[in-house]
Amino acid sequence: MIIIMMGAQGTGKGTVAGIISESTGIKQLSTGDVFRKNIKEQTPLGIEANKYIAKGELVPDDVTVPMVVGYLDSDMAKDGIILDGFPRTLEQAEKLDEILTERGKKVDLVINLTTPREEIIDRILTRRVCPNPSCKTTYNLKLNPPKVDGICDKCGTELVQREDDSSAEAINQRLEIYENKTAPLVEYYAKRGILRTEEVSSRINRMGKEVAEEIIKDLK
Ligand code: ADP
Ligand code: ZN
């Protein structure tokens with residue numbers, strides 16, 4: 001099963017994807033996490049990607065697409081995959097369809113998470129992540145704090161704030177790109193009848209965990 005997570009920054013895509021992944025065994029691929037790991041290790045891919053990520057811009061397709069294809073063709077994707085952070089543009093979505101068609105596969109479900117704009121900025125600023133590459137759990141200081149201040153519940157690593165989450169400029173830049181380039185994909189997948197939109201917000205007191213559990217129930 002091939003699932004795509006959509007939704008602006010801070011809506012909880014990674015969290016929802018993680019819960020679905022744990023429950024179904026389908027692996028989660030977060031392009032942002034892959035880039036951050038490569039940046040940390042200073043690989044050629046990481047050095048190239050960081051030129052864009054630090055500014056809140058999209059990494060070019062000639063870097064991003066081959067990287068994703070590599071994972072799609074790996075053992076990791078043998079039972080399907082949950083894509084978190086890809087596709088992000090119409091070009092990437094079309095490319096993905098092409099790649100999947102060549103392999104006799106297709107996108108089965110697109111989960112679109114929505115959160116009111118005013119809540120989003122607050123959620124990004126209070127987001128903290130576990131930097132341990134084999135954990136990467138995301139927390140929120142207000143909505144989903146770790147049990148011990150500043151420490152990951154799952155692996156004990158000290159939590160950090162992502163560099164692009166601490167600058168208002170980079171956050172606004174990313175949200176703008178989302179509106180202009182990524183949001184049109186909602187329509188692209190809606191036309192195909194595979195879109196599932198869910199609001200995640202304190203306004204209606206509905207957190208990512210509940211949404212994930214409902215989706216898992218429907219998948220079984
Ligand atoms: P966010 O959704 O909060 O911006 P991500 O972890 O998904 O964070 O991505 C971090 C950064 O990695 C993005 O701002 C962008 O620069 C880059 N990136 C991730 N996925 C893609 C993609 N599919 N295409 C281009 N750039 C990407
Ligand atoms: Zn951890």
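Counting starts at 1 for both ligands and their atoms, following the listed order.
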task: For atom 20 (N) of ligand 1, find the nearest protein heavy atom and state the residue, atom name and distance (0.1 Å precision).
output: T31 OG1, 2.7 Å
query: Is K217 salt-bridged to E213, going by a charged N under 4.0 Å from an acidic O?
result: no
message: If the threshold is 4.0 Å, N to carboxylate O, is there a salt bridge linking D165 and R127?
response: yes
- prompt: Out of F35, Y178, F86, whose heavy atom is nearest to atom 18 (N) of ligand 1?
  reply: F35
message: I want to confirm something. Looking only at heavy atoms, which of I53, V68, I124, T89 is nearest to atom 12 (O) of ligand 1?
response: I53
message: Keeping S21 on the side-chain end and A17 on the backbone end, is there a donor-acceptor pair under 3.5 Å?
response: no
field: Test: D218 and K220 ion pair at under 4.0 Å
entry: no
field: Per atom 13 (C) of ligand 1, closest listed option by heavy atom (Q173, R174, R88)
entry: R88
- prompt: Between D153 and K147, is there a donor-acceptor pair closer than 3.5 Å when you use the side chain of the first and the backbone of the second?
  reply: yes
message: Regarding S201 and E199, do their side chains bring together a donor and an acceptor under 3.5 Å, going by distance alone?
response: yes
message: Give the atom numbers and elements of ligand 1 that come within less than 4.0 Å of a heavy atom of G85.
response: 20 (N), 21 (C), 22 (C), 23 (N)
field: At the Zn ion (ligand 2): angle between C135 atom SG and C152 atom SG, to 10 degrees
entry: 110°
message: Check this for me: does any side-chain nitrogen of one of D164 and K55 sit under 4.0 Å from a carboxylate oxygen of the other?
response: no
- line: re atom 26 (N) of ligand 1, the protein heavy-atom contact at minimum distance is V59 N, 3.0 Å
message: Less than 3.5 Å apart, any donor N or O on the side chain of N112 or E198 sitting next to an acceptor on the other?
response: no
field: Pairing of D108 and R192 as salt bridge, 4.0 angstrom limit
entry: no
- prompt: Does T64 approach ligand 1 within less than 4.0 angstrom via side chain, backbone, both or neither, non-hydrogen atoms only?
  reply: side chain
message: For K95, is there an ion pair with E91 - N to carboxylate O distance below 4.0 angstrom?
response: no
field: Side chain, backbone, both or neither: the part of Q92 lying under 4.0 Å from ligand 1 by heavy atom
entry: side chain
- prompt: Relative to the heavy atoms of R36, which atoms of ligand 1 are at a distance of less than 4.0 Å?
  reply: 6 (O), 10 (C)
task: Report, in ascending order of atom number, the atoms of ligand 1 lying under 4.0 Å from any heavy atom of R127.
output: 3 (O)
message: How large, to 10°, is the angle at the Zn ion (ligand 2) when you draw lines to SG on C130 and to SG on C155?
response: 100°
- prompt: Near Q9, which atoms of ligand 1 are under 4.0 Å from a heavy atom of that residue?
  reply: 1 (P), 2 (O), 3 (O), 4 (O)
query: Under 4.0 Å from any heavy atom of E57, which atoms of ligand 1 are there?
result: 15 (C), 16 (O)
query: Which residue and non-hydrogen atom of the protein lie closest to atom 8 (O) of ligand 1, and at what distance in Å?
result: R162 NH2, 2.9 Å
